[in-house]
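What follows is a short report on a single structure.
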Amino acid sequence: MTQPTPATAHNQAPNQPTPDRLVWFDGDLVPADRAKVSVFDHGLLYGDGVFEGIRAYNGKVLKLVTHLQRLFASARRIELTIPYTVDQLADATRATLEANGLADAYIRLCVTRGVGKLGINPFLCDNPTTFIITDLVRLYPQEMYDHGLKIVTAKTVRNHPNALDPRIKSMNYLNNILAKIEGIKAGCIETLMLNHEGKVAECTGDNIFIVSDGELLTPPLHAGVLEGITRNLVLGLARDAGVTVREADMVLDDVYNADECFLTGTAAEVIPVIGIDQKTVGTGKPGPLTQQLLEAFHRLVADAPED
Ligand code: PMP
């Protein structure tokens, strides 16, 4: 017998967009089923665009300005001029949350190259398309936060920074998707990616940290990783707690032999890793520093002022 679909707030299948949600679309709030981009939009045709994944907690958007600054930095690197200011997009984000009555939400803000002729020349596209989706999110099941998750290492390596710099949060996620497919086939929800030199880079949608000899380590930006906003928040929380923190090149063996390991991301927050490539990390349970930082992160998001 098939299981009934779990009810959501809107009685929708959980992996379907909520139709009565309003989407901010180039300046207007429109119902989700009318928020549509053209088939000639280069965001769709070529993955030519940039985006941010942002979180709101208790009606406050966490690090909104920081996210928008990263969006503008990504756009600059692909020579895309966003037709709004940071303030305008901050106001639009808050207006979208308010219109949807959402205090706790995941926000997806996208700017595509816009509509243009076929052919990749971005300079023939005059009007970028900007939209903001707000929805509920649960990336990983609670039991993985309580007991940790197991990951595998992908054969697919992270994009070479001289090809498509992972610091650009672009709408072209195929590199990560290929690695994710490998992980899913191996029964894992998240997958570690190495860089072109065989060093540890990041997971498909999260940054990675290890604890080794009492130090907290994460790969440096030059390893070819996104400068995760959660990564930076966690680095700050660890320093505040008096933990020695280092951005250091690491190889897979360092993760295999780590005392603790965890991942960070806007959607994931802080999630313990207890196994990698069929090997147990540390004791096979979420480690004490991981748990301390996870709790500190929850306290931070509960009280954080908007920036
Ligand atoms: N790396 C990649 C590839 C990501 O897509 C993300 C965001 N999902 C992260 C790291 C984490 O970044 P942030 O903490 O800013 O969400």
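Keep in mind that this is a model prediction, so the values were computed, not measured. Order of appearance sets the numbers: ligands from 1, and atoms from 1 within every ligand. Along the sequence shown, residues are numbered consecutively beginning with 1.
Between the side chains of Ser212 and Asp259, no donor N or O sits under 3.5 Å from an acceptor N or O.
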Stepwise, does the side chain to side chain donor-acceptor pair (under 3.5 Å) test hold for Thr204 with Glu190? CA-CA 7 Å; Thr204 65; Glu190 183 54 297; 2.5 Å; yes
What's the verdict on salt bridge (charged side-chain N to carboxylate O under 4.0 Å, His left out) for Glu227 and Arg167, showing C-alpha distance, side-chain angles and the deciding distance? CA-CA 6 Å; Glu227 185 171 5; Arg167 284 203 239 179; 5.3 Å; no
Val251 and Val200: side-chain contact (heavy atoms from CB on, under 4.5 Å), yes or no, with the steps? CA-CA 5 Å; Val251 292; Val200 173; 5.5 Å; no
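In this structure, NZ in Lys60 is found 7.0 Å from CG in Asp303, a value given to the nearest 0.5 Å.
Listed by number with element, the atoms of ligand 1 under 4.0 Å from a non-hydrogen atom of Asn176 are 3 (C). Annotation for ligand 1: atoms under 4.0 Å from non-hydrogen atoms of Gly228 are 12 (O), 13 (P), 14 (O), 15 (O). Proximity to Gly265 (heavy-atom distance under 4.0 Å) selects the following atoms of ligand 1: 11 (C), 14 (O), 16 (O). The Thr266 neighbourhood of ligand 1 comprises atoms 13 (P), 14 (O), 15 (O), 16 (O), with distances under 4.0 Å to a heavy atom of that residue.
Between the choices Glu202, Arg55, Glu269, Arg70, the shortest heavy-atom distance to atom 2 (C) of ligand 1 belongs to Glu202. Counting heavy atoms only, Thr204 comes closest to atom 3 (C) of ligand 1 of the residues Val234, Asn175, Thr204.
Neither the backbone nor the side chain of Glu227 has a heavy atom within less than 4.0 Å of ligand 1. When heavy-atom distances to ligand 1 are checked against a 4.0 Å cut-off, Leu226 comes that close only through its side chain, counted from C-beta outward.
With respect to the salt-bridge test (charged N to carboxylate O, under 4.0 angstrom), the residues Arg70 and Glu52 qualify. Electrostatic pairing of Glu269 and Arg55 counts as a salt bridge here, judged by a charged N lying under 4.0 Å from a carboxylate O. Comment: Glu182 does not engage Lys155 in a salt bridge, judged by the lack of any side-chain N to carboxylate O separation of less than 4.0 angstrom.
Proximity of Val225 to ligand 1 is not established, as no heavy-atom distance is less than 4.0 Å. By the 4.0 Å heavy-atom criterion, Gly53 is excluded from the residues contacting ligand 1. Heavy-atom distances between Glu52 and ligand 1 stay at or above 4.0 Å for every pair.
The shortest N or O to N or O distance between Cys203 and ligand 1 is not under 3.5 Å. By the 3.5 Å distance cut-off applied to N or O atoms, Ile229 is counted among the residues near ligand 1. Residue Tyr173 has at least one nitrogen or oxygen atom sitting less than 3.5 Å from a nitrogen or oxygen atom of ligand 1, judged on distance alone.
Residue-environment remark: CG (Asp213) stays at or below the threshold of 12 foreign heavy atoms within 6.0 Å.
For atom 14 (O) of ligand 1, the nearest non-hydrogen atom of the protein is Thr230 OG1, 2.6 Å. Closest protein heavy atom to atom 11 (C) of ligand 1: Asn207 OD1, 3.6 Å. From the protein, the heavy atom lying nearest to atom 6 (C) of ligand 1 is Gly205 O, 3.2 Å.
Ring geometry for Phe25 against Phe131 counts as parallel: the plane angle stays under 30°, on a 0 to 90° scale with 60° as the upper cut. By the 30° and 60° cut-offs, the orientation of the rings of Tyr57 relative to Phe297 is perpendicular.
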